[in-house]
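One structure is given below, encoded as structure tokens.
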Amino acid sequence: MSYEIKIEKTKTPKQKPDQNKLGFGQYFTDHMFIMDYTEGKGWHDPRIVPYGPLALDPATAVLHYGQAIFEGMKAYNTKDGKILLFRPHRNMERINASNLRMCIPQIDEDFCVEAVKALVSVDRDWIPTAEGTSLYIRPFIIATDPFLGVHPSHTYQFIVILSPVGAYYPQGVNPVNIYVESSYVRAVRGGTGFAKTCGNYAASLKAQMDAHEKGYIQVLWLDGIERKYIEEVGSMNVFFKINGEVLTPSLEGSILPGITRASTIELLKSWGLKVTERKIAIQEVYDAYQNGTLEEAFGTGTAAVISPIGELNWNDNKMIINDGKIGELSWKIYETITGIQNGRIPDTLGWTIEIK
Ligand SMILES: *Cc1c(COP(=O)(O)O)cnc(C)c1O
């Protein structure tokens with residue numbers, strides 16, 4: 001493929017939104033990156049073009065059978081004017097893991113990091129600077145054959161769009177309440193749970209809607225077979241601190257291998273804490289709550305980084321964790337990861353990449 005990225009700049013730049021009212025995923029920048037895949041030819045024609053609608057044949061495969069994957073990452077503006085990406089190669093590796101499962105051809109990971117860097121550089125004026133804000137980066141791949149038949153597409157598009165996003169916690173890091181879902185399931189081993197593929201999210205909406213109606217912000221999924229073991233929360237992995245030890249579900253194919261999860265584990269180990277990846281029964285968490293050893297619980301993911309859990313509701317057994325306040329360790333992880341991301345703390349782990 002040609003590694004030269006053609007750039008066509010917009011002639012009608014948009015008005016930038018108010019930095020204090022960004023929210024999440026509502027505004028998009030002036031440009032997007034696109035490249036095409038054709039069987040026999042591979043990925044080709046990488047280009048940065050003005051942001052705008054895609055023209056798709058109504059028979060386009062992805063619209064019918066959901067052959068697609070996506071990613072989520074962020075670019076940060078530091079106080080001294082640098083632009084940083086956080087572990088972007090991990091996202092591209094994960095794209096290829098998702099691609100393999102969804103029969104989508106492999107991408108060139110290094111080139112795709114370069115593509116993200118080029119796009120962010122073109123739209124660098126869109127990266128917000130207010131405390132806690134960032135530029136959310138959404139790469140995705142869709143199957144584009146105009147054909148109604150269940151088989152892997154012969155053509156694809158890899159697209160990257162950018163969205164300036166507000167501080168996740170404008171009023172300080174607030175713990176969330178979570179409903180433990182005992183009837184619907186998100187994924188099973190052998191399925192697509194470990195892939196960041198669209199259908200997983202469509203399948204999760206009903207439980208999330210029901211939880212909202214009960215006054216909960218998100219659901220904690222249990223395993224698809226016994227409804228016994230903890231999986232993950234919405235779009236976050238989950239951690240528990242019980243009696244000084246940090247526990248998180250092991251990766252067995254049904255949960256998404258989060259980059260924030262991996263970073264959290266690496267940090268905790270570097271601090272000399274005991275971290276264990278294994279099966280965790282919800283009963284075990286409830287027992288720890290009852291005997292007073294459940295010290296902290298939190299979710300990890302790119303959007304919030306760390307999301308402390310203040311309440312878990314399992315079959316109407318309510319667990320109020322750490323008096324509904326953020327725990328000391330959750331806070332330390334949050335401060336460290338966000339500090340590395342926005343350049344407040346020196347990056348001794350080599351996790352960030354600067355965009356010049
Ligand atoms: C993206 C995602 C996560 C978090 O992954 P990060 O790489 O930490 O952002 C966790 N669970 C699900 C289901 C996800 O889609």
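For ligands, and for the atoms within them, numbers begin at 1 and follow the listed sequence.
- Taking each heavy atom of Ser182 and Leu222 in turn, the nearest pair found is OG-CD1, 4.2 Å.
- For atom 5 (O) of ligand 1, the closest non-hydrogen atom of the protein is Gly258 CA, 3.4 Å.
- Under the 4.0 angstrom criterion for non-hydrogen atoms, Gly234 is in contact with ligand 1.
- The protein heavy atom nearest to atom 8 (O) of ligand 1 is Thr260 OG1, 2.6 Å.
- Scanning all protein heavy atoms for the shortest distance to atom 3 (C) of ligand 1 gives Ser235 O, 3.3 Å.
- For ligand 1, the atoms lying closer than 4.0 Å to a non-hydrogen atom of Arg94 are 5 (O), 6 (P), 7 (O).
- Remark: ligand 1 atoms within the under-4.0 Å shell around heavy atoms of Arg186 are 13 (C).
- At under 3.5 Å, a nitrogen or oxygen of Ile259, whether backbone or side chain, sits near a nitrogen or oxygen of ligand 1.
- Taken to the nearest 0.5 Å, the CD atom of Glu114 stands 11.0 Å off from the CZ atom of Phe33.
- Between the side chains of His31 and Asp123, at least one donor N or O lies within less than 3.5 Å of an accepting N or O.
- Taking the ring centre of Phe86 as origin, the terminal cationic atom of Lys74 falls outside the region bounded by 6.0 Å and 45° from the ring axis.
- Protein heavy atom nearest atom 15 (O) of ligand 1, with residue, atom name and distance: Tyr201 OH, 2.4 Å.
- At least one test fails for Lys325 against the ring of Trp331: distance under 6.0 Å to the centre or angle within 45° of the axis.
- By the 4.0 Å heavy-atom criterion, Met73 is excluded from the residues contacting ligand 1.
- There is no side-chain donor-acceptor pair under 3.5 Å between Thr144 and Gln157.
- Looking only at heavy atoms of the protein, atom 11 (N) of ligand 1 is closest to Glu232 OE1, 2.5 Å.
- Which parts of ligand 1 touch Asn237 is read off a 4.0 Å heavy-atom cut-off, strictly below it: atoms 10 (C).
- Of the protein's non-hydrogen atoms, the one nearest atom 1 (C) of ligand 1 is Lys196 NZ, 1.4 Å.
- Other residues, nucleotides and ligands place more than 12 heavy atoms under 6.0 Å from the NZ atom of Lys16.
- Counting protein heavy atoms only, atom 9 (O) of ligand 1 is closest to Thr302 OG1, 2.5 Å.
- To the nearest 0.5 angstrom, Ile34 atom CD1 is 11.0 Å from Asp45 atom CG.
- By the 6.0 Å and 45° rule, Lys196 does not stack over the aromatic ring of Phe140.
- Ligand 1 has no atom lying under 4.0 Å from any heavy atom of Glu71.
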